[in-house]
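For reference, the structure discussed in these notes is given below.
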Protein chains: 2
Amino acid sequence: MTGQRGRPRSFDRDAALDAAMRLFWERGYEATSIADLTRELGIGAPSLYAAFGDKRTLFDEVVAAYGARYADFAAVALTEEPSAGAAVRRILREAAAIYTDPAHPKGCMVLSAAVNTASDEVAEALRQRREAGLALFESRIRADVAAGALPAGTDACGLARYVAAVLQGMSQQSRDGAGRKEMEALAEAAMAAWPR
Amino acid sequence: MTGQRGRPRSFDRDAALDAAMRLFWERGYEATSIADLTRELGIGAPSLYAAFGDKRTLFDEVVAAYGARYADFAAVALTEEPSAGAAVRRILREAAAIYTDPAHPKGCMVLSAAVNTASDEVAEALRQRREAGLALFESRIRADVAAGALPAGTDACGLARYVAAVLQGMSQQSRDGAGRKEMEALAEAAMAAWPR
DNA sequence: CGTAATCAATAGTGGTCGCTACAGAATGAA
DNA sequence: TTCATTCTGTAGCGACCACTATTGATTACG
């Protein structure tokens, strides 16, 4: 034992996960059917279920992979940059590029894929991811306030929600067809609100 | 002739339209089924189809009624206020109240009801409404720049997109459960970006 | 080889979708 | 009344949904 007994899988599981990610990213969770997935992945439904479990389990795995590859840029900037202001500036600029990148679907999957879902479980999972991001912004801002890098009276919660709102708006406008230049101009306008 | 021949309608058409609006507003276009509507309205499917046409036609009528009752506040402020800045300040404050009003579903229906729809027609209709709102912001800002009420170098398009993004973010966060106070703090932070 | 194990393809399952044919009930007009 | 008109309720249309039972193909182990 034990060198993989039985008939080997006839498709690349990682590539299939990537294709599923693109579909969910583009159309959202419920608007992407199993038939869409099997057609795009070029496999039969039983193969998909054997490899990934049911639709919701597949989506959970897609979200995890998406987060690691496309959504961590914000958390990275928040830890790498010397100040919350520098981090937010970098995040908004990177978002303008990522949300409009023609190499993949527009906008942020965490923000758009579970809007108007009938079953609450998937919507709740992404909502918690959004709240986690919000908390990340808020704690970094609080740290800067405590360190004196931001004015003492700064409303950390309001400012964090503000940054999150700008990102949400950028995601939706990117999905509505806005280009990178427009999003960079939006980000530029948004940065003017940062406390000085 | 001609005083309404035939059996009279057994329900209030306006009340039914209101109930349909609440469902579409809460769950979105596709997640609201005909069965949901007939159950909530207390009528049979044929009655609904006779009174409103098919689902898409009903939704169009709902969107028109929604726009007149809940979305015109922005256009009103843009014409009533003496400056674009005053209008945007008022719009953000009113949005904080309207988007979180417990008397009706949260957020803005135009921004949320057609996200992730399989059929593009409905999504495109709401997208055009969003772009019309964007154009309204931009033209008001351009007028202020021309009148000298805003700095000559102001990026009207970027600033308009910025305001729209903040509203979109406020709508989504309201739907995610944020309250009026949080949204007012967000709006306050956002106003700091206005050119001075 | 024979056998156990794993995957693939066909062909469905029951359920819900938007929508409607049909027959009966309720009205005004003649 | 008798008739045309308009609405209501039942019952069901074909299409699609997520999902799976079954059968056969393909591998490793002994």
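Letters A, B, ... are given to chains in the order of the sequence lines, protein chains preceding strands, and every chain is numbered from 1.
The CZ-C1' distance, from B:Arg5 to D:dT2, rounds to 13 Å in whole Å. If you take CZ of A:Arg9 and C1' of D:dT26, they are 14 Å apart, rounded to a whole angstrom. The separation between B:Ile34 atom CD1 and D:dA15 atom P is 19 Å, rounded to whole Å. Rounded to whole angstrom, the span from the CG atom of B:Leu48 across to the C1' atom of C:dG18 amounts to 11 Å. For the pair B:Arg7 CZ and C:dA23 C1', the interatomic distance rounds to 12 Å; values are reported in whole Å. The nearest whole Å value for the distance from the NZ atom in A:Lys55 to the C1' atom in D:dC19 is 12 Å. In this structure, the OH atom of A:Tyr49 is 16 Å from the C1' atom of C:dT10, given to the nearest Å. One interatomic measurement links the two molecules: CD1 of B:Ile43 to P of D:dG9, which rounds to 9 Å at whole-angstrom precision.
Using the six-membered ring where Trp is involved, A:Tyr99 and A:Phe73 have ring planes that are perpendicular, over 60° apart on the 30 and 60° scheme.
In summary, B:Arg89 and B:Glu81 do not engage in a salt bridge, as defined by a charged side-chain N under 4.0 Å from a carboxylate O.
Heavy-atom nearest nucleotides on DNA chain C were determined for B:Pro8 and for A:Phe11, and the one closer to the 5' end corresponds to A:Phe11.
At a threshold of 4.0 angstrom between heavy atoms, the contacts of A:Thr32 are confined to the sugar-phosphate backbone, with no base atom among them. Here B:Pro46 lies in heavy-atom contact (under 4.0 Å) with a base. B:Ala45 comes within 4.0 angstrom of a base, heavy atoms only.
At least one donor-acceptor pair under 3.5 Å links the side chain of B:Tyr66 to the backbone N or O of B:Met109. B:Gln128 places no side-chain N or O within donor-acceptor distance of the main-chain N or O of B:Ala125, the cut-off being under 3.5 Å.
Here A:Ser33 reaches the OP1 or OP2 of D:dC17: one of its side-chain N or O atoms lies under 4.0 Å away. Contact annotation: B:Ser10 side-chain N/O to D:dC7 OP1/OP2 distance is not under 4.0 Å.
With no hydrogens or angles considered, no side-chain donor-acceptor pair links B:Thr57 and B:Asp60 at under 3.5 Å.
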